[in-house]
> 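Below is a structure I'd like to ask you about.
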Amino acid sequence: MIYLKDITSENWRIPLEVAPSQKTYVADKTTLLARAYAYRQAHSYAFLIYHNETPVGMGLYYDCEEMQCYVFSQLFIDKRYQGKGYGLAAVKLVLNSLKQDGRYDKVSICYIEGNTPARRLYEKLGFIETEQDGNEIIMERNLSAPVSC
């Protein structure tokens, strides 16, 4: 079973890391935690992704009042646990949580150009490319659409 768990002072040091080939595309744990702190006034939520009792990844989202959306800022699955569907399951949980929260009707996410697995995952979940900012591809998804796949 996949579930999300708050990052706390007791669990933030769990050793999770991205694969060396992904370091160009995916922020590491330290960057994720720094960004969570920087966006704390925007209701940032940093979380661990668990499969049963095993932590397999991390993520972060926060509110963007200016854009009237949630920003799903960070997501990574540890190099030891990739290819098992944990990323897909975690994003589905996040989308359902945001929909239940109900402050905004859409969520924005981005990936670095060339990160084909991320693009495929987000497209599979109904995200649509809206713009490009340098090497970042920005995608959005309406939260009223059902989460399927």
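Values below: all heavy atoms of this structure, side chains included; hydrogens, waters and symmetry mates excluded. Sequential numbering from 1 along the given sequence is applied to the chain's residues. Fair warning: this is a prediction, and the values are worked out from it, not measured in the lab.
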> Could you walk me through whether R141 and L95 pass the side chain to side chain contact (heavy atoms under 4.5 Å, CB included) test, one step at a time?
CA-CA 9 Å; R141 183 187 193 285; L95 292 174; 3.9 Å; yes
> To the closest 0.5 Å, what do you measure between CD (Q41) and OH (Y39)?
12.0 Å
> Give the minimum heavy-atom separation between A27 and V18, together with the two atoms involved.
O-CG1, 4.2 Å
> CD of Q22 to CD1 of I77: how many Å apart, nearest 0.5 Å?
10.0 Å
> Any side-chain heavy atom of E123 within less than 4.5 Å of one from M139?
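Yes, their side chains come closer than 4.5 Å.
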> For residues F127 and I109, determine if any side-chain heavy atom of one lies less than 4.5 Å from a side-chain heavy atom of the other.
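Touching, per the 4.5 Å side-chain cut-off.
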> Does a side-chain heavy-atom distance below 4.5 Å link L60 with F47?
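Not in contact.
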> Verify, without hydrogens or angle tests, whether N135 (side chain) and E113 (backbone) share a donor-acceptor contact under 3.5 angstrom.
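Flag not set: sc N135 to bb E113 has no pair under 3.5 Å.
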> Are I138 and Y111 connected, step by step, through hydrophobic side chains (Ile, Leu, Val, Met, Phe, Trp, Tyr) whose heavy atoms are closer than 4.5 Å?
no
> Enumerate the salt bridge (charged side-chain N to carboxylate O under 4.0 Å, His left out) contacts for residues 67-84, please, sequence neighbours excluded, ordered by first and then second residue.
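Of all non-adjacent pairs touching residues 67-84, those that pass salt bridge (charged side-chain N to carboxylate O under 4.0 Å, His left out) are E17-K79, D78-R80.
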> Examine distances only and state if a side-chain atom of K92 and a backbone atom of G87 form a donor-acceptor pair shorter than 3.5 Å.
no
> Distance check, rounded to the nearest 0.5 Å: R119 atom CZ versus I137 atom CD1?
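Atom-to-atom, R119:CZ and I137:CD1 are 9.5 Å apart.
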> Please report the closest heavy-atom contact between A89 and I2, naming both atoms and the distance.
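Shortest heavy-atom separation between A89 and I2 comes out as CB-CG1, 3.8 Å.
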> Return yes if some donor-acceptor pair links the side-chain N/O of D133 with the main-chain N/O of E136 below 3.5 Å, else return no.
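Flag not set: sc D133 to bb E136 has no pair under 3.5 Å.
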> Any non-hydrogen side-chain atom of L33 less than 4.5 Å from a side-chain atom of W12?
yes
> Could you check if a side-chain atom of I7 sits within less than 4.5 angstrom of a side-chain atom of M58, using non-hydrogen atoms only?
yes
> Do V71 and V107 come close enough that some side-chain heavy atom pair is under 4.5 Å?
no
> For the pair D63 and R103, find out whether any cationic side-chain nitrogen is under 4.0 Å from an anionic carboxylate oxygen.
yes
> Following the transitive rule for hydrophobic clusters with a side-chain heavy-atom cut-off under 4.5 Å over Ile, Leu, Val, Met, Phe, Trp and Tyr, establish whether V94 and L121 coincide in one cluster.
yes
> Determine, using the 4.5 Å side-chain heavy-atom cutoff (strictly less than), whether L93 and Y45 are members of one ILVMFWY cluster.
yes
> State the CZ-OG distance between R35 and S44, to the nearest 0.5 angstrom.
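Separation between the atoms: 11.0 Å.
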> Please round to the nearest 0.5 Å and tell me the distance separating atom CG of L48 and atom CG of N11.
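Those atoms lie 5.0 Å apart.
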> Could you go through the side chain to side chain contact (heavy atoms under 4.5 Å, CB included) check for L75 and I49 one step at a time?
CA-CA 9 Å; L75 173 73; I49 302 162; 3.6 Å; yes
> Give me the atom names and distance for the closest heavy-atom approach of Y81 to P55.
CE1-O, 3.7 Å
> Quick check: does any side chain N or O of R40 sit under 3.5 Å from a backbone N or O of Y37, one acting as donor and the other as acceptor?
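It does hold such a pair.
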> For Q82 and A19, which heavy atoms make the closest approach, and how far apart are they?
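Distance-wise, the nearest heavy atoms are NE2-N, 4.4 Å.
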> Check N115 against Y25 and note the closest heavy-atom contact, atom names and distance.
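Smallest interatomic distance, heavy atoms only, reads ND2-CB, 3.4 Å.
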> Walk me through whether Y50 and V56 qualify under side chain to side chain contact (heavy atoms under 4.5 Å, CB included).
CA-CA 6 Å; Y50 274 79; V56 298; over 6 Å; no
> Between Y86 and H51, does the ring-ring contact (aromatic ring centres under 6.0 Å, His included) criterion hold? Intermediate values first, please.
CA-CA 8 Å; Y86 300 147; H51 175 249; 4.9 Å; yes
> Find out whether F76 and L16 are in side-chain contact, i.e. whether some heavy atom of one side chain is under 4.5 Å from a heavy atom of the other.
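In short, these two side chains touch, coming nearer than 4.5 Å.
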> Look only at the side chain of D101 and the backbone of S97, and say whether a donor-acceptor pair between them is shorter than 3.5 Å.
no
> Can you tell me how far the SG atom of C110 sits from the CD atom of Q74, to the nearest 0.5 Å?
8.0 Å
> Taking the side chain as C-beta and beyond, is there a heavy-atom pair between L143 and Y70 under 4.5 Å?
yes
> Taking everything shown except Y62 itself, do over 12 heavy atoms lie less than 6.0 Å from its OH?
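Count over threshold, so yes.
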> Step by step, work out the side-chain hydrogen bond (donor to acceptor under 3.5 Å, both in side chains) result for N142 and S144.
CA-CA 5 Å; N142 189 312; S144 63; 2.6 Å; yes
